[in-house]
Amino acid sequence: MNQVFALVDCNNFYVSCERVFNRRLEEVGVVVLSNNDGCIISRSNEAKALGIGMGVPAFKVRSILENNNVEVFSSNYALYADMSDRVMQTLSMFTPEMEIYSIDEAFLNLAGIGDNLTDYGRQIKTTVEKWTGIPVSIGIGSTKTLAKAANKIAKRTDDANIVVDLTDSNDIDKVLESIKVEDVWGVGLKRAAKLRYAGVETALGLKNADTNRIKREFGVVGVRTVYELRGISCYRLAQNPPTKKTIMVSRSFGRAVDDIEELKEAVACYAARAGQELREEKTAANFMTLFVMTTHSRPYRRIFNSDTLGFPTATNYTPELINYSLNALERLYRSGTCYKKAGIILSGLVPENKIQLSLFDEFDRDKSRRLMQTVDYIKNMMPESNLRWAAEGLSQPWQVKFSRRSHRYTTRWDELPEVA
DNA sequence: TCTGGGGTCCTAGGACCC
DNA sequence: TCTGGGGTCCTAGGACCC
């Protein structure tokens with residue numbers, strides 16, 4: 001049987017989440033900023049029309065924002081993650097198999113659904129919008145890359161109800177010709193420049209490119225993209241989230257930090273977060289890398305320094321992770337230097353029930369596991385409790401800034417929306 | 001003055017082994 | 001003086017994605 005993929009993508013996702021709880025934001029320019037209110041990472045159509053680019057630093061478009069009364073929000077990840085869950089749950093009712101590809105996108109397997117895929121797509125779209133308040137775009141194709149392309153077309157069409165189905169299309173080529181090569185899934189800045197230099201400017205051009213040449217210039221990844229454009233599927237649906245291979249927790253500070261005590265708090269905080277994620281994944285780490293980054297300093301250099309170490313026994317026990325990370329920090333820290341960012345990368349992840357115990361292990365693993373279970377439980381049930389390890393500090397002056405965050409409407413009792 | 005965070009996969013090259 | 005061939009594993013870096 002032929003494969004059929006649908007790509008469902010939430011429109012301007014973060015902005016749409018804000019709009020669900022704030023009617024005032026309909027039909028006006030809205031943007032959402034990254035951590036520390038640094039960059040623009042989500043824009044309403046009105047904001048896009050003002051020429052505000054994706055990923056641009058907020059300070060560069062400040063006057064545009066102010067002159068046009070654009071509503072500006074800090075990121076509210078608790079809200080977005082919860083809204084994402086709702087969307088994904090709704091989608092899962094329409095397919096036996098789906099892959100959650102990112103916070104705002106999912107691939108659905110629609111093979112065997114029948115002839116009228118467009119109708120089925122519309123049904124999905126209306127249901128998601130009705131149940132969650134989030135508008136979505138849907139593209140359908142015989143490969144993931146074609147579904148992505150179809151989605152692109154759906155997004156740029158004015159008709160709000162459109163679902164683009166390329167499996168039904170006799171003139172896929174005509175559609176592909178209208179897509180710029182840099183808009184093809186898997187073609188980024190570098191590859192696009194090289195392709196254009198070689199005279200390939202559209203998705204159609206890439207589809208018809210000589211595979212030997214593509215292989216030479218772009219390796220197997222490039223060839224796969226060409227095949228996918230030709231309707232030969234190279235990427236399967238990845239089911240029930242594949243286990244992570246690394247876990248990274250890193251943040252820029254709200255301000256420059258030179259005091260090692262403050263740095264220690266931040267690092268302990270990231271280690272605690274990383275440990276929690278390990279346990280959520282039911283994995284333990286064998287390696288840890290700590291990195292720190294200095295502020296920009298003349299002449300425009302950022303110094304990045306890192307230290308990797310292997311644990312004697314794979315672990316997901318937070319106090320242990322904090323200890324190791326603080327030791328690593330002592331090695332990296334140079335007094336008199338201003339730091340702007342730190343982060344922890346955990347790798348060599350193994351299932352927690354398959355930990356190879358060291359002969360000289362002195363920890364009571366069972367006791368520590370129960371302690372972590374209790375801590376995680378309290379944190380999940382009572383996020384407002386602010387339960388944390390002593391090493392994470394109390395006032396946390398280095399904390400990331402979210403000066404314009406909306407309420408966490410769906411995950412905090414104390415921030416429920418009010419009905420006037 | 002102010003530029004996010006979290007991932008994956010592939011490749012080339014070096015170390016090492018027989 | 002001549003100086004093989006094949007394989008694995010690991011790592012760093014590049015490119016891409018959202």
Side-chain angles (χ1 to χ4, degrees), chain A residues 7-14 31-43 52-63 65 72-77 80-81 84 99-107 144-145 148 151-152 181-195 214-225 228 234-235 238 241-256 270 273-274 277 281 286-287 289 291 293 295-298 300 302 304 306 308 310 338 340-349 399-403:
Chain A
L7 176 67
V8 183
D9 185 329
C10 301
N11 300 341
N12 314 333
F13 183 56
Y14 297 169
V31 297
V32 175
L33 306 178
S34 65
N35 273 0
N36 266 325
D37 300 337
C39 301
I40 309 273
I41 52 169
S42 183
R43 305 157 294 156
I52 298 169
M54 179 66 179
V56 300
F59 75 88
K60 283 194 177 169
V61 289
R62 195 165 152 190
S63 59
L65 296 173
V72 179
F73 290 87
S74 303
S75 320
N76 185 343
Y77 292 112
Y80 310 150
S84 174
E99 173 187 347
I100 298 177
Y101 181 65
S102 74
I103 193 165
D104 69 338
E105 276 174 74
F107 285 105
K144 283 181 161 181
T145 306
K148 271 272 184 187
N151 192 284
K152 198 108 210 156
V181 74
E182 58 267 33
D183 289 338
V184 173
W185 191 46
V187 178
L189 230 58
K190 295 275 166 127
R191 285 176 197 159
K194 271 169 109 177
L195 284 166
I214 295 292
K215 173 84 169 63
R216 241 180 296 125
E217 293 236 13
F218 305 98
V220 295
V221 182
V223 176
R224 278 183 202 143
T225 300
E228 286 246 320
C234 301
Y235 298 108
T243 47
K244 284 188 190 170
K245 293 174 176 144
T246 59
I247 285 176
M248 164 152 80
V249 177
S250 79
R251 302 272 184 281
S252 299
F253 305 133
R255 60 161 167 76
Y270 304 163
R273 176 67 209 136
E277 271 184 52
E281 294 275 316
N286 273 298
F287 303 97
T289 305
F291 67 85
M293 213 180 284
T295 48
H296 281 291
S297 53
R298 266 153 259 124
Y300 312 109
R302 239 176 200 184
F304 177 91
S306 74
T308 299
C338 275
K340 185 64 194 180
K341 182 175 183 174
I344 282 175
I345 302 166
L346 298 173
S347 54
L349 305 192
Q399 263 291 6
V400 186
K401 285 197 172 55
F402 295 99
S403 60

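Side-chain atoms are counted along with the backbone in the values below, which use heavy atoms only and exclude waters and symmetry mates. So that the names make sense, note that chain A is the first sequence line, chain B the second, and so on, each numbered from 1.
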statement: From CZ of Phe107(A) across to P of dC17(C) the rounded distance in Å is 12 Å

field: Arg62(A), CZ atom: more than 12 neighbouring heavy atoms under 6.0 Å
entry: no

task: Decide yes or no for Glu105(A) and Leu7(A): does some side-chain heavy atom of the first lie under 4.5 Å from some side-chain heavy atom of the second?
output: yes

- request: Classify the nucleic acid contact of Val61(A) as base, sugar-phosphate or nothing, counting any heavy atom under 4.0 Å across all strands shown.
  value: nothing

field: Contact state string [nucleotides 5-16 of chain B, B base, S sugar-phosphate only, - no protein heavy atom under 4.0 Å]
entry: SBSSSSS-----

statement: Sorted by chain and number, sequence neighbours left out, salt bridge (charged side-chain N to carboxylate O under 4.0 Å, His left out) with Arg273(A) holds for Glu277(A)

query: Nearest-Å distance, CD (Glu182(A)) to P (dC18(C))?
result: 14 Å

Atom-to-atom span, CD1 of Ile40(A) to C1' of dC18(C) - whole angstrom: 17 Å

message: Is any side-chain heavy atom of Ser84(A) closer than 4.5 Å to one of Phe13(A)?
response: yes

message: Please classify the nucleic acid contact of Val56(A) as base, sugar-phosphate, or nothing, using heavy-atom distances under 4.0 Å.
response: nothing

- prompt: With side chains defined as the heavy atoms from C-beta onward, is the minimum distance between Ile214(A) and Leu195(A) less than 4.5 Å?
  reply: yes

- prompt: Do the rings of Tyr101(A) and Trp185(A) sit parallel, tilted or perpendicular, given the 30° and 60° boundaries?
  reply: perpendicular

- request: Mind calculating the distance between NZ (Lys340(A)) and P (dT1(B)) to the nearest angstrom?
  value: 14 Å

query: Please give, in whole Å, the distance from dC18(C) C1' to Met54(A) CE?
result: 8 Å

Exam field: side chain Asn35(A) to backbone Val400(A), donor-acceptor pair closer than 3.5 Å: no

message: If I pick the P atom on dT3(C) and the same atom on dC17(B), what distance separates them, to the nearest angstrom?
response: 24 Å

- request: Using a 4.0 Å heavy-atom cut-off across all strands, classify Asp104(A) as base, sugar-phosphate, or nothing.
  value: sugar-phosphate

- request: Have a look at Lys401(A) and say if it touches a base, only the backbone sugar-phosphate, or nothing, with a 4.0 Å heavy-atom cut-off.
  value: nothing

- prompt: Going from OH on Tyr14(A) to OG on Ser74(A), what distance comes out if it is rounded to the nearest 0.5 angstrom?
  reply: 13.5 Å

Sugar-phosphate only, base, or nothing, as touched by Leu189(A) at under 4.0 Å among non-hydrogen atoms: sugar-phosphate

query: Any side-chain N or O of Lys148(A) under 4.0 Å from OP1/OP2 of dC18(C)?
result: yes

- request: Return the value, rounded to whole Å, for the distance between atom CG of Asn76(A) and atom C1' of dG4(B).
  value: 16 Å

- prompt: Between Leu65(A) and Ile52(A), is any pair of side-chain heavy atoms under 4.5 Å apart?
  reply: yes

- request: Starting from Watson-Crick (N1-N3 plus N6-O4 or O6-N4) and G-U wobble pairs under 3.5 Å, report the runs of at least three that DNA chain C belongs to.
  value: B:5-18 with C:5-18

- request: Classify the nucleic acid contact of Arg191(A) as base, sugar-phosphate or nothing, counting any heavy atom under 4.0 Å across all strands shown.
  value: sugar-phosphate

